[in-house]
**Student:** 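Below: one structure in structure tokens.
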Amino acid sequence: MTRMMMAVAIACAGGMASAQETGNEMAETAGDQGPPEFFSSIYPEHAFDEAMALYGALQSEEAALDPKTRELVALAVAAQIPCDYCVYAHKKNAMSAGATEGELREAVAIAANVRMWSTMLNGMDYDLAAFKAEHDEIMPPTN
């Protein structure tokens, strides 16, 4: 687990602990000065603990997605936003979680492909009901 991911996980493990308590736990356990400056300096103080709790919950042991898959999804989304900060972090995190160069490229290419088709369908105002009917005929719902 990368140091940042560990620091965030530690920050979130306490749930709704105060920002000071969270910072102290992180400093003691992760050996740093608390939540990363790039999180704590930009987020509203009154909502920071809750944001960190959500961030941690999505990366907890109970999460359905494994860390590599989560980071590949995050990278793909970051590339489409686009967010240079997020691309940098999620690419490094995905690689730390074991993603290969091929998996990184494929995740970003899939996101680009989805965006292209979304652009075409929305831009040409394709009928949504017709789309759903045709899609469900090709790929019947499983539930």
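What you see is a predicted model, and the numbers here were worked out from it, not measured in a lab. As a basis for the values below, the full set of heavy atoms in this structure was taken, side chains included, without hydrogen atoms, waters or symmetry mates.
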**Student:** Could you tell me whether D84 atom CG has more than 12 heavy atoms of other residues or ligands within 6.0 Å of it?
**Tutor:** no
**Student:** M116 and N113: side chain to side chain contact (heavy atoms under 4.5 Å, CB included), yes or no, with the steps?
**Tutor:** CA-CA 5 Å; M116 181 203 54; N113 192 47; 3.6 Å; yes
**Student:** Locate the shortest heavy-atom distance separating S40 from P35; write the atom from each residue and the value.
**Tutor:** OG-O, 4.0 Å
**Student:** Does the E103 side chain pair with the main chain of T100, one donor and one acceptor, at a distance under 3.5 Å?
**Tutor:** yes
**Student:** Which one of Q80, M95, H90 satisfies the side chain to side chain contact (heavy atoms under 4.5 Å, CB included) criterion with L75?
**Tutor:** H90
**Student:** For the CG atom of L104 and the NZ atom of K92, what is their distance to the nearest 0.5 Å?
**Tutor:** 11.5 Å
**Student:** Measuring from N93:CG to Y88:OH, what's the distance to the nearest 0.5 Å?
**Tutor:** 10.0 Å
**Student:** Rounded to the nearest 0.5 Å, what separates atom CZ in R105 from atom CG in L72?
**Tutor:** 14.0 Å
**Student:** Which heavy atom of L58 sits nearest a heavy atom of A63, and at what distance?
**Tutor:** O-CB, 3.6 Å
**Student:** Indicate the atoms forming the closest heavy-atom contact of C86 with A78, along with that distance.
**Tutor:** CB-CB, 3.4 Å
**Student:** Examine V108 and V77 and state if one hydrophobic cluster contains both, with Ile, Leu, Val, Met, Phe, Trp and Tyr joined whenever side-chain heavy atoms are less than 4.5 Å apart.
**Tutor:** no
**Student:** In this structure, are over 12 heavy atoms from other groups packed under 6.0 Å from E137 atom CD?
**Tutor:** no
**Student:** Which residues satisfy the side-chain hydrogen bond (donor to acceptor under 3.5 Å, both in side chains) test with Y126, sequence neighbours excluded?
**Tutor:** E134
**Student:** Using modelled atom types only, decide if a donor and an acceptor are shared between the side chain of S118 and the backbone of R115 within a distance under 3.5 Å.
**Tutor:** no
**Student:** Hydrophobic cluster membership, with links at side-chain heavy-atom distances under 4.5 Å among I/L/V/M/F/W/Y: are M124 and L121 in one?
**Tutor:** no
